[in-house]
Asks: 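Quick one: the structure is below, questions incoming.
First the proteins, then the strands, lettered A, B, ... as listed; each starts at 1.
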Number of protein chains: 2
Amino acid sequence: MGKPTTKDLARVAGVSLATVDRVLNRRGGVRQATVDRVTAAIKSIGYVRDISAANLARSTEYRLVFLLPDHEDEFTRMIHLAIDEANVSMVHERTTVSIMRVPANDPHRIAQEIDELSTDQVDGVAIMAPETAQVRDAILRLDACGIAVVAFVSNQPNAANAYFVGINNEAAGRTAGQLLACFTGERQGAVRVITETMQSRDSQERRLGFDAIMAKHASRLRVYPSMETYADAARTAKIVATAWRNTPEIVGVYLMHHGISETMRAIEAQGIPPKCVIIGHELTRHTRTRLVDGTMDAVITQDVGHLVRSSIRVLKARITQIGTVASQERIRIEIILRENLPEDIKTNGL
Amino acid sequence: MGKPTTKDLARVAGVSLATVDRVLNRRGGVRQATVDRVTAAIKSIGYVRDISAANLARSTEYRLVFLLPDHEDEFTRMIHLAIDEANVSMVHERTTVSIMRVPANDPHRIAQEIDELSTDQVDGVAIMAPETAQVRDAILRLDACGIAVVAFVSNQPNAANAYFVGINNEAAGRTAGQLLACFTGERQGAVRVITETMQSRDSQERRLGFDAIMAKHASRLRVYPSMETYADAARTAKIVATAWRNTPEIVGVYLMHHGISETMRAIEAQGIPPKCVIIGHELTRHTRTRLVDGTMDAVITQDVGHLVRSSIRVLKARITQIGTVASQERIRIEIILRENLPEDIKTNGL
DNA sequence: ATGAAAGCGCTAACAA
DNA sequence: TTGTTAGCGCTTTCAT
């Protein structure tokens, strides 16, 4: 005899399957006394419902959507791929996930797209967007119409209904700081920090953490204010050139944004100072190459596959009101050096 | 209309459900012509079978067992916990996993336990044991009786039927080397390597990788032969004392084994040389403390939760002859420093 | 060699 | 308020 089933429950509680189902799914229309009897029975026989069977019976389809920036950088593309991959391996799990691209820096458009989402189109949404008032409000509105939501990669700390799937950016900044401090040995000099925009909360948090560590090494490392590229190649080239001209002895560079190939090109154009330690974010084809050829020393990254799968699990858990395994959903701040580069994935299937 | 089902298949192929099932599960007793018709139909309508439904109908139970060393170190205990946790979250997935402890260094006993496993008790087994001829043969024998097997944490490169779930130890050793080289800055001095026993293939591979990197820094880092503790506290204290007495200027220590608390105590008793960089393996409560208080500088680790879940997925995939998502099963070589220490897990449930 | 039918654990009309 | 019953997609006797 295996695990207890609804039948056992019904028998023990002295009710019909339908009633069991009603209390199991809180459908109401059941006398409190009956509810209690069933709940008691659940406890007593240690019943735990079989979700696959439930899904089968319901022919439930979880319709999830990922809202991604329409930015064409490698990191976003990797996320896109990871989603596609998840989609394939999820066919069996009655889950279809689709992708919507929205202008990365247009809070109104993003909020609008979110508002467009309706319960009869989608059950859950993962949102990757900078935190703004508009977006935050739109997310809060999702709660009312019962759409589950996850803050994806970018945290939305003021939208209480959005569970965050991503790394702690302040800790990531600290990690970058520690690596930079270690890797520069005992050398003295300047540290330059570059990002796309300091408007983004992620950048602010990373900088915060980075500075916390740099402060401990203030006697030898002089950290400059953050430079912003605005994702513009020309501007990037210009500010890097200016900075390189005016900064003596650059011993470290911290690139806080993803999509750093432009920036790296600009830096290379100016000449990488000898022994200069360069640290960036997100393991992509580009940064992988940089690690191998030694132009970058360390990359701080998060596993996009894990990110995507975790989001999907959390969304489904919220939709079905089931719990998740906390430890499985924690996204690690991974440090990638030349020597622990994961091999490229060649094949699928066992 | 959703995904095509067996019914659609039967209709299109002009056969009954039973026949469809026969060819789907290669049960035989079907005319080749019929088989072909069904296979054609599968292709034409893009049928992909619903595993949960199949499991439901079969009332399949996947009975898995983990064979762990009876060693009582923290790493093994963490694995134990991770397995228990997986067990809980797998109830819904018709999977029960149990644990068997075997004497870590008794190949005969291990082989014997493996041989004891029979198809009507267990469907798959994850084996964590040092590679020896006896164990390898026992694993190979499992193939004959159709029990799926996974080499867990310790690779079994000569047992072709054992898929390896764990990290590349040679790369792990290289990573340790790179970290040690970076963290020692430009300092000159001795590097000591300690492990439980060099008998184990894991230690050999790590040492190999470590040496490969050390060779590049031979001008300033002098690496000594590996010292073996044999997991014996007294011996550990003695060899460390001798080594510390006879080695001038120790700037780095690489602890290749897990369960290093004894070794760390011995080192501390001798006094940690100033600025000495200590690198070890596996993030446990002990190494976590060491990172926080600064007595250790870096820990190379693998996520035990991931290790366990991945093993389970691979085993089930092999049992059902289904494919897995390669990228999800790759175990990363994680580098943990003080600043990217994952927070302790306090709570479960969403 | 093939098919009909019952059933896995759960849900959802429809009755009562 | 409660129960009956027919499935969900697949497997598995037992007939034919």
Asks: Reading nucleotides 6-16 of chain D from the 5' end, what letters show protein touch, with B for base, S for backbone sugar-phosphate only, - for no heavy atom under 4.0 Å?
Replies: -BBBBSB----
Asks: Side chains of A:His306 and A:Arg332 only: does a donor on one sit below 3.5 Å from an acceptor on the other?
Replies: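 Side chains of A:His306 and A:Arg332: no pair found under 3.5 Å.
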Asks: With sugar-phosphate meaning primed atoms plus P, OP1 and OP2, does A:Val20 contact a base, only sugar-phosphate, or nothing at under 4.0 Å between heavy atoms?
Replies: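 Nothing, no heavy atom under 4.0 Å.
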Asks: State, to 0.1 Å, how close A:Arg318 and A:Ala148 come at their nearest heavy-atom pair, and which atoms those are.
Replies: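 Nearest heavy atoms, A:Arg318 then A:Ala148: CB-CB, 3.9 Å.
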Asks: For D:dG3 and A:Thr19 - does any side-chain N or O of the residue sit under 4.0 Å from the phosphate oxygens OP1/OP2?
Replies: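 For D:dG3, OP1 or OP2 has a side-chain N or O of A:Thr19 closer than 4.0 Å.
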Asks: Between the side chains of B:Thr301 and B:Glu334, is a donor N or O closer than 3.5 angstrom to an acceptor N or O?
Replies: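 No - no donor-acceptor pair under 3.5 Å links their side chains.
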Asks: Under a plain distance cut-off of 3.5 Å, with no hydrogens placed, do A:Asn161 and A:Arg141 share a side-chain donor-acceptor pair?
Replies: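 On atom types as modelled, these side chains do not qualify, holding no pair under 3.5 Å.
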Asks: Going by atom types alone, do B:Asn158 and B:Glu131 pair a side-chain donor with an acceptor below 3.5 Å?
Replies: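 A donor-acceptor contact under 3.5 Å links the two side chains.
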Asks: Between A:Arg11 (CZ) and D:dT2 (C1'), how many Å, whole number?
Replies: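 It is 19 Å, rounded to the nearest whole Å.
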